[in-house]
Amino acid sequence: MHSYEKWYAQKGAQGDVVLSTRVRLARNLADMPFSAKLDPQGKENVAHEIREAAKNLPLAQKAIGAMRWIDMAELPQLAAVSMAEQRLVSAAFARQEPGTALLLRDDRRVSVMLCEEDHLRIQAYSPGLALDETWAMADEIDTALGGSLDYAFDERLGYLTQCPTNLGTAMRASVLLHLPALETLDRVGRLAESISKLGLTIRGAFGEGSGAEGSLFQLSNQVTLGISERQALDNLQAITSQIAEQERRARKELLQRPEWENKVWRAYGILRYARLLDSGDAIKLLSLARLGAAGGILPIEIETLNALMTDIQPATLCLAKQVTEADQRDRARAEMIRENLEE
């Protein structure tokens, strides 16, 4: 089996259910209009000011020193879409609007989108459930940049953001969950209703408006005003642990059924021997295989499946395998999966 250095391939705490953690901070410069009111030149001015702050701050060397600057308009479109597939940028940001730029750390565990919805979107990532560690990375960048930049802040409303729902801490912490059993047993809808009363929301893997492809769901805090970062993180930690335990119980219930054990093994067989796989079928099969691996049924490492669930996405795959046509892509996807599932 192949080993992966990519952070999203690693298995962190509660990694049978929780694939990854993200903390995102929205910030704006006090003396500039919000991004929606800026023309391309105005966005370039904002990005330049932030870039200079990042370069000139000694305090930022640990967090920002290994980051590279990417002008989104100059990036090949396939590379921009691949970044969205890896959740390093939003789908809207991947459209490469003039004046937008990205600061990306070499290990891809920190990215800073410049002039997306807000002037800065600081994002930090970790494998598994790691809210404190991920928050610390994002906070380090925020503190370093905030020492040189004048953030838009109000004593009553907190950090000022383009969207009023982000006012206050302007922090969105989220975890990416694999919930095949709860989804199969039709319990996710009821779960969503319950957690909404606790200030959380559950959506598809790519956030608002996205579907739960491969039984992947994003759980995040909904409330940012009138609550501290610590309170939001603790609430998300507690609810995530409860959901993970519910999923584990549901998996035991599901995998005791012979037809489900058969589904898992059939998925494994197709993945091992298929010669053509489109992305939709592949992610469904990998989700079943991940269910089987976590349940101790299949002889696959979860880390391998974690990597594949991202690496087989269309743009990411095309970049890795240097293919462009749909049939070539489907063939390359099947080949990549076979190579990584070899015993």
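More than 12 heavy atoms of other residues, nucleotides or ligands sit less than 6.0 Å from atom CG of D31.
Using a 3.5 Å distance cut-off with no hydrogens or angles, the side chains of R290 and N306 do pair a donor with an acceptor. Side-chain atoms of E229 and T169 include no donor-acceptor pair closer than 3.5 Å. No side-chain N or O of R172 forms a donor-acceptor pair with one of Q123 less than 3.5 Å apart. Between T100 and E116, the side chains place no donor N or O within less than 3.5 Å of an acceptor N or O (distance only, hydrogens not considered). S82 and Q86 form a side-chain donor-acceptor contact under 3.5 Å, judged by distance and modelled atom types alone. Side-chain atoms of T134 and S126 include a donor-acceptor pair closer than 3.5 Å. Looking only at atom types and distance, the side chain of E49 has no donor-acceptor partner in the side chain of N45 under 3.5 Å away. Inspection of the S215 and E183 side chains reveals an N or O donor paired with an N or O acceptor under 3.5 Å.
Here the side chain of R275 pairs a donor or acceptor atom with the backbone of Y273 at under 3.5 angstrom.
Salt bridge R109/E133: present, at least one basic N to carboxylate O contact under 4.0 Å. Taking 4.0 Å as the cut-off between side-chain N and carboxylate O, R331 and D327 do not count as a salt-bridged pair. A salt bridge links E245 with R248: at least one charged nitrogen is closer than 4.0 Å to a carboxylate oxygen. Ion pairing of D118 with R24 is absent here, as no side-chain N (NZ or NE/NH1/NH2) approaches a carboxylate O to less than 4.0 Å. A salt bridge links R121 to E117: at least one charged side-chain nitrogen sits closer than 4.0 Å to a carboxylate oxygen. Between R257 and E253 there is a salt bridge, since at least one side-chain N of the basic residue sits less than 4.0 Å from a carboxylate O of the acidic one. A salt bridge links R251 to E247: one of the charged nitrogens lies within less than 4.0 Å of a carboxylate oxygen.
Figure legend: R108 and W7 shown without cation-pi pairing, the cationic atom not lying both under 6.0 angstrom from the six-membered ring centre and within 45 degrees of its axis.
By the criterion of side-chain heavy atoms lying less than 4.5 angstrom apart, applied directly or through intervening Ile, Leu, Val, Met, Phe, Trp or Tyr residues, L131 is grouped together with L198 in one hydrophobic cluster. The hydrophobic clustering, which links ILVMFWY residues whose side-chain heavy atoms are closer than 4.5 Å, places V175 and I239 together.
Classification of the F153-Y159 ring pair by plane angle, with boundaries at 30° and 60°, yields perpendicular.
Between L38 and H119, some side-chain heavy-atom pair lies under the 4.5 Å cut-off.
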